[in-house]
Amino acid sequence: MVRGVVLGIMKPRSHIPGATYRLQLNRDFTFAQATAIVPYLSTLGISHCYVSPCLKARAGSMHGYDIVDHDSLNPEIGDPEDFDRFVTTLHEHGMGLILDIVPNHMGVMGSDNSWWLDVLENGQSSVYAGFFDIDWHPLKDELHGKVLIPVLHDHYGAVLESGELKLVFHHERGEFDVSYRNHRFPVDPREYPRILQHCTDALAAKLGAQNPDLLEFQSLITAFGHLPGRREANSDRIAERNRDKEIDKRRLVELCARSQEIATCILGAVDLINGNPADPASFEELHELIKAQTFRLANWRVASDDINYRRFFDTNDLAGICVENETVFQATHRLVLGLMADGKVDGLRIDHPDGLYNPRQYFERLNSSIALAAKNSGNRSHYVVIEKILTGAERLPAEWPVCGTTGYDFANLVNGVFVEPGAAMSLNRTYRTFIDEEIDIDDLAYRCRKLIIRVALVSELNVLANQIAKIALSKRHTCDFTLNSLRDALTEVVASFPVYRTYVTSSGVSDTDVRYIRSAIASAKWRSPAADASIFDFVGEVLLTRIAEGQDPTYQNAVTTFAMKFQQFTSPVMAKGLEDTAFYRYNRLVSLNDVGSDLHRFGTTTLEFHLANQERLASWPHTMVATSTHDSKRSEDVRARINVLSEISGQWKARVREWKRFNRNHRRLVNNKPAPSPNDEYLLYQTLVGAWPSEPLNDTDDWKIFCERIENYVLKAIREAKQNTSWINRNTEYETAVSSFVGTLLNPSAGHRFLDDFVPFQCRVARIGLWNSLSQTLLKLTCPGVPDIYQGNDLWDFSLVDPDNRRPVDYIRRQQMLESIRVWGNDPDALSIGRLLETPEDGRLKIYLIWRTLCLRQQQPDLFQEGEYLPLAVEGAKANHVVAFARKFGTTRALVVVPRLVAGLLNDIDLPPIGPRIWDDTHVLLPFRSCSEKCRNAFTGEVLDLQKTDEYAKIGVSKALAEFPVALCLLD
């Protein structure tokens, strides 16, 4: 029903989006609600809705990345008919759909992933055993052929003897499970005789030895006991097991249906095996039954050391899948490819490609599969972007058949434009003085990565160490490297890795990856002067696969497999160590701490910005360019405010010093240390500056809601930092003290000096931040790439990290606001623009800018998708405060002018950065000799005169920004 409904009514759509709008779908925002806002998004100028994963996820999932069934839609979001109505409405408005898909992992545990449950029941003989990345031969002998399941809240023995592990018989399915809370663990059918044999004597006495039902019951015990084992490797025997076990279960269902005596006796046996909490010895039989299963139940803390399946980062209920296997690929992409073949989905966003065994192979297989589906259906091209996080000078591999990334790289680039580079030393000193500590960035990143390896991902490290130890042992020149020394060496290399991962395959190693690997090896050597340096050389040669050259195929395969598995490990270490630990510990200027950020980089010069845009146009012209995403640590508008602190670093220093003094009596001592710590307090003040509501907090409920948001954010931040508390080991005393501190600061009835001093300061920062945000938004909408707007960011949005950025969005307000603007917006005049500027805090400025710019993009698609990017020189005293460029396609040209770093220009004047008062002597030079002498400002409707010479034309910034804080002008 998902297919075929909307065919034939689609309007032509470009496969390259003009602009995307990201929607987070969940039980609170469904297909029906998304359908309702399509007219609004269409009016705004959006070409494609870009939605979070909508395949069936775990019940209650608010993000959709814990998919449990790739072959059906998420019923909490809507049924197939709801989806079709959504797509139909999009097509009726000339819009398309981009779908976020998750090829790296699935949601496991619970009782809703049939593939996973089949593996737990049948082990290596499961038809799905190869779907999950399980190490069936780990270091611990007791786990050979088993899967560690770390879900218990306490030690296994304690949970068992409390009676919380229960054997359950499902008579309607003929199956036995072990249940624990919301989890179901299927019992191996070959072990059913352990349970059923309890009934034979009693049934014989009750029914008679020759009773047909008793004979069938005895036959079933024999049949279950003779099933092929769950470690079978022979395909015929595996097929026999999977066929016969289902036949035998159906026989048991039928037998229980016709014999109440047998059904009742089985339930009695189950009760007996389940034991009695008053008698610990009564659990022995249940214990032995559990020991005989594929699953090894364990306390959740065991996961970091012993888990033997690849996870998404350190999340136990997200298990890695082997999408490099063609069968797995087809099974996980069948529905999505069908939707693309039917023209219902126009593009894909690939989640976490760095988790894949061979990303390039995956992209090529995906593209060929889409192309095949399109060929069979007569459909057109497609759009694929990937969630690849680039660090520093890293570039996306040119040979990958994708359209680009999801835009983290642009978000960091454009954010830096509004950071004053010259303030780095001043803010360093302020931060160092406040926390009374000097932080070395490189050392911090190294220590945080090493911490993650030690406390969260040591089990994955053990798997790698075991693999490389076998490689070492197989050759006489390396056999003296011990398992422990290799584990230590791997730890140092991974902790020193400069990027998320490399992309070594059996086809070879790129020069770029050679540099990254050698850098990590050199750094590991330097940090380990007491170690035998030759072990690092060995690890390096294995990672480069050069050690396998000229060796036998078995050795070559072992080396290549290790190198490729190693790459799947460095990515989660970097993500958890840098993004989710170091970024919460290093709080100098937190607007610079976001996904893909380089902590060494303090701001972006206009030259760097222009060069990056030109490179993007040349290499990845259709990559996404974003400023906020669902993974952002802070929204674009929060960062824009915090960036202002770099412009007023002296004032910031004075204010935080005073606030620290004002609030000293609100801190508590926990273990003889202040709570919050100075570092956490410094983070809190920046957070308040960035997230403070733009509208007044008028009543108790407003204050309560805001206080809860800040408290929840700060608790998450300090747990992520893992210094005074953590997700694994919560320091409740410290957390309580921090919550109390936040509550006291945000209590308006307390009459303390902090709010009286903070609010006026924040108001000025917030006003300047609005101009930053406007400039940033226009840059995103006009630079090379496909602009993406995260839900809610069509107005000012001051959200923090998830779940704060998944709060409901008021689309009725947005629609009403846009409709009121459209009354005059197609023919703007100075009076209407002036009214927008009178109340910039209401957000109308931002939605107006977005609407007008996207309208122009729709009118001139080639200009913005294919047009040249021409950096423009700016002359005059305020030249450093302007970013200007032109887009050119044929004879059509657009001029973009935005201000930056305007705090010093405004000099505490609460007015927008417009007019000759600010820009009187500053001009933008246009290298166009054959252009019109006039241009039209898309935001104000003004027709502006250009001054022309023999070599170029120029326009005064005071004219371009005469009435509106940014300019987009079309030149004929």
Under-4.0 Å salt bridge between E175 and K249: yes

Over 12 non-hydrogen atoms of neighbours within 6.0 angstrom of CH2 in W300: yes

Under 3.5 Å side-chain donor-acceptor pair for Q567 and T502: yes

Ring centers of F295, F185 separated by less than 6.0 Å: yes

N-O pairing of D135 and K140 below 4.0 Å: no

Side-chain donor/acceptor of S485 to backbone N/O of F481, under 3.5 Å: no

Salt-bridge present (E121, R241; N to O < 4.0 Å): no

Test: E541 and K475 ion pair at under 4.0 Å: no

Rounded distance [0.5 Å steps], CD1 in I468 versus CZ in F562: 3.5 Å

Heavy-atom side-chain proximity of L348 to H382 below 4.5 angstrom: no

Minimum side-chain heavy-atom gap M106-F131 below 4.5 Å: no

N/O donor-acceptor pair under 3.5 Å between T491 side chain and R487 backbone: yes

Heavy-atom check, side chain of N299 versus side chain of Y156, under 4.5 Å: no

S597: side-chain hydrogen bond (donor to acceptor under 3.5 Å, both in side chains) partners, not counting sequence neighbours: N412

Parallel, tilted or perpendicular: ring planes of W115 versus Y128, cut at 30 and 60 degrees: parallel

Test log, rule side chain to side chain contact (heavy atoms under 4.5 Å, CB included), inputs M109 and W116: CA-CA 8 Å; M109 309 305 176; W116 181 254; 4.2 Å; yes

Student check: side-chain heavy atoms of H333 and P103 closer than 4.5 Å: yes

Given R518, K525, R546, the one that forms salt bridge (Lys or Arg N to Asp or Glu O under 4.0 Å) with D537: K525

Exam field: side chain D598 to backbone G392, donor-acceptor pair closer than 3.5 Å: no

Sidechain-backbone polar pair: R395 side chain, A393 backbone, donor-acceptor under 3.5 Å: yes

Sidechain-backbone polar pair: R310 side chain, D133 backbone, donor-acceptor under 3.5 Å: no

Residue pair P138 / N462, side-chain heavy-atom distance below 4.5 Å: no

Donor-acceptor side-chain pairing of D248 and Y192 below 3.5 angstrom: no

Minimum heavy-atom distance D69-S72, with the two atoms named: OD2-OG, 3.0 Å

G355 backbone acceptor or donor facing Q568 side chain under 3.5 Å: yes

Any donor-acceptor N or O pair under 3.5 Å, side chains D532, S534: yes

Beyond-backbone contact of I521 with V539, side-chain heavy atoms, under 4.5 angstrom: yes

Verdict with supporting geometry, F566 and V494, side chain to side chain contact (heavy atoms under 4.5 Å, CB included): CA-CA 9 Å; F566 174 88; V494 174; 3.4 Å; yes

Heavy-atom check, side chain of E387 versus side chain of Y408, under 4.5 Å: yes

Shortest non-hydrogen separation from P150 to I307 and the atoms involved: CG-CD1, 3.8 Å

Side-chain (S126) to main-chain (N122) donor-acceptor, under 3.5 angstrom: no

Residue that, paired with D112, satisfies salt bridge (Lys or Arg N to Asp or Glu O under 4.0 Å) out of K56, R58, R184: R58

Check: D314 side chain, A456 main-chain N or O, donor-acceptor pair, under 3.5 Å: no

Short side-chain donor-acceptor distance under 3.5 Å, T505 and N358: no

Inter-residue atom distance N242.CG - E232.CD, 0.5 Å rounding: 11.0 Å

Interatomic distance, I370 atom CD1 to R365 atom CZ [nearest 0.5 angstrom]: 13.5 Å

Pair R237-S125, side chain to side chain contact (heavy atoms under 4.5 Å, CB included): steps then yes or no: CA-CA 9 Å; R237 293 281 285 166; S125 291; over 6 Å; no

CD on Q556 to OG on S506, rounded to 0.5 Å: 10.0 Å

T623 side-chain N/O to T405 backbone N/O, donor-acceptor pair under 3.5 Å: yes

Salt bridge E288-R194, side-chain N to carboxylate O under 4.0 Å: no

Interatomic spacing from OG1 in T391 to CE in M574 - rounded to 0.5 Å: 5.5 Å

Spatial distance of atom NE2 (H477) from atom CD1 (I547) [nearest 0.5 Å]: 10.0 Å

R360 to Y503, cation-pi by 6.0 Å centre distance and 45° axis angle: no

Main-chain N/O of D188 paired to K245 side chain as donor or acceptor, under 3.5 Å: no

Intermediate values then yes/no, side chain to side chain contact (heavy atoms under 4.5 Å, CB included), N308 and V147: CA-CA 6 Å; N308 62 326; V147 182; 4.3 Å; yes

Heavy atoms of other groups near H144 NE2, more than 12 under 6.0 Å: yes

Exercise: identify the closest heavy-atom pair between S474 and Y555: OG-CE1, 3.3 Å

Check: Y500 ring centroid to H352 ring centroid under 6.0 Å: no

Minimum side-chain heavy-atom gap P353-F363 below 4.5 Å: yes

